[in-house]
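Down below is the structure, laid out as structure tokens.
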Amino acid sequence: MSHSEGTQGSAGDIGQGGGTGTVVRARHTEQPTAGIVHDLGNLIQVASSALNRLARDPSVSTAPALEPVIASARTALQRAGALVRETIGKAAEEPRDIEHTDLSSCLAEVEALIRSAWESHIRLEVRVGSDLLAAKCNRLGLQNAILNLVFNARDAMPGGGSISLDASMAGHGRAARIEVRVADNGIGMTRETMARAFDPFFTTKCSGLGGIGLPMVKHFAEQHDGSVEIDSALGSGTTVILRLPAALRRSE
């Protein structure tokens, strides 16, 4: 996974005395806003990649194979708009019932977005367990979390490689969890990077919106009584495991 370093302030940046609290509060205020921008950036990347492919094709109007690419760009932009509307509406939003999200259809939509826009040197394999229960979480939030993880995986493989996206059950009864694993065979992380990977604004990326994606995934997981963890070694790739509560059947 592409992975985190450097823009977070040192102790010297924080200052002394009462200044510490001010900086911490400011960072906590910035994180949700920066996170929304980051998610929008991911979705816009999908649309931009698809449209760039269209621009390079001399026979766009007579190429049926490009129809799913156009659909992917349209869907990504629609999701960007949905994120904006959701953010604007949160202040006046009444509590909602907890959503039950079907992982199979959810991941199929993510896969369709990615496959039609990415270049051939990035390979994606999606596997969904046959016994999978629904997840107790917001569908759009889950898709954004997965996109964050998949984009990180892609960025960790600048020369190309393979990404696997697996969803399976773990545990039984009230302890049942949905596990979503995103694994790459990219550059991996050092122990030091793993220790700080979920710190807001910590990034190893030289450009772009680094340092927001993994903290937003963690925030999403914790919002839904879930968790996220990283398993990585330098030069051996990275696996991120997102766990969410399963929606039990009535008899359980």
Side-chain angles (χ1 to χ4, degrees), residues 1-4 38-80 83 103-129 140 142-168 179-189 203-210 212-214 216-217 230-242:
M1 279 249 155
S2 171
H3 312 292
S4 303
H38 181 83
D39 286 339
L40 286 172
N42 281 346
L43 294 167
I44 290 168
Q45 281 187 62
V46 175
S48 297
S49 296
L51 292 174
N52 286 339
R53 286 183 60 184
L54 287 175
R56 295 196 298 267
D57 194 294
S59 55
V60 172
S61 61
T62 58
L66 289 176
E67 290 180 5
V69 179
I70 296 170
S72 174
R74 184 179 295 114
T75 300
L77 291 173
Q78 288 171 347
R79 291 183 182 280
L83 272 175
L103 268 290
S104 182
S105 62
C106 180
L107 295 184
E109 290 176 8
V110 171
E111 183 180 10
L113 274 172
I114 292 168
R115 283 196 188 280
S116 61
W118 280 9
E119 301 297 339
S120 60
H121 71 291
I122 301 290
R123 297 178 297 280
L124 176 68
E125 183 174 3
V126 179
R127 296 181 288 261
V128 179
L140 181 59
L142 176 58
Q143 289 182 329
N144 285 332
I146 292 171
L147 281 174
N148 274 320
L149 297 180
V150 172
F151 275 112
N152 268 8
R154 179 204 60 181
D155 292 346
M157 304 184 300
S162 298
I163 301 170
S164 64
L165 175 53
D166 295 271
S168 60
E179 283 194 356
V180 179
R181 293 173 177 258
V182 179
D184 65 66
N185 60 354
I187 59 177
M189 298 186 193
T203 180
T204 57
K205 295 179 181 179
C206 297
S207 61
L209 295 168
I212 303 298
L214 284 175
M216 290 300 293
V217 173
I230 297 174
D231 182 19
S232 183
L234 194 61
S236 300
T238 298
T239 300
V240 178
I241 306 167
L242 173 63

>> Can you tell me how far apart CD1 (I146) and CZ (F151) are? Round to the nearest 0.5 Å.
In response: 12.5 Å
> Is there a side-chain contact (heavy atoms from CB on, under 4.5 Å) between M157 and I122 once you walk through the steps?
Replying inline: CA-CA 8 Å; M157 304 184 300; I122 301 290; 4.1 Å; yes
> Is T238 reaching over with its side chain to a backbone N or O of S232, donor-acceptor style, under 3.5 angstrom?
Replying inline: no
> With V128, which of S105, C106, S168, S104 fulfils side chain to side chain contact (heavy atoms under 4.5 Å, CB included)?
Replying inline: S104
> Can you list the residues that meet the salt bridge (charged side-chain N to carboxylate O under 4.0 Å, His left out) rule with R127, with sequence neighbours excluded?
Replying inline: E125, D166
> Between L103 and A167, which heavy-atom pair has the shortest distance, and what is it?
Replying inline: CD1-CB, 4.5 Å
> Is there a side-chain contact (heavy atoms from CB on, under 4.5 Å) between L214 and I230 once you walk through the steps?
Replying inline: CA-CA 10 Å; L214 284 175; I230 297 174; 4.1 Å; yes
> With side chains defined as the heavy atoms from C-beta onward, is the minimum distance between V182 and N152 less than 4.5 Å?
Replying inline: no
> Taking the side chain from N185 and the backbone from S162, do they hold a donor-acceptor pair closer than 3.5 Å?
Replying inline: yes
>> Given V217, which partner from the list V240, N148, L147, N144 fulfils the side chain to side chain contact (heavy atoms under 4.5 Å, CB included) test?
In response: N148
>> Using side-chain contact (heavy atoms from CB on, under 4.5 Å), reason through I163 and R123 one step at a time and then give a plain yes or no.
In response: CA-CA 6 Å; I163 301 170; R123 297 178 297 280; over 6 Å; no
> How far does CD of E109 sit from CG of L142, to the nearest 0.5 angstrom?
Replying inline: 10.5 Å
>> In the structure I gave you, are the side-chain heavy atoms of V110 and V126 within less than 4.5 Å of one another anywhere?
In response: no
> What's the spacing between D184 CG and L165 CG if we round to 0.5 Å?
Replying inline: 12.0 Å
>> Distance alone, cut at 3.5 Å: any donor-acceptor contact between the side chains of T239 and R181?
In response: no
>> I'd like to know whether I241 forms a side-chain contact (heavy atoms from CB on, under 4.5 Å) with V180, so could you lay out the CA-CA distance, the side-chain angles of the two residues, the decisive distance to 0.1 Å, and finally the verdict.
In response: CA-CA 6 Å; I241 306 167; V180 179; over 6 Å; no
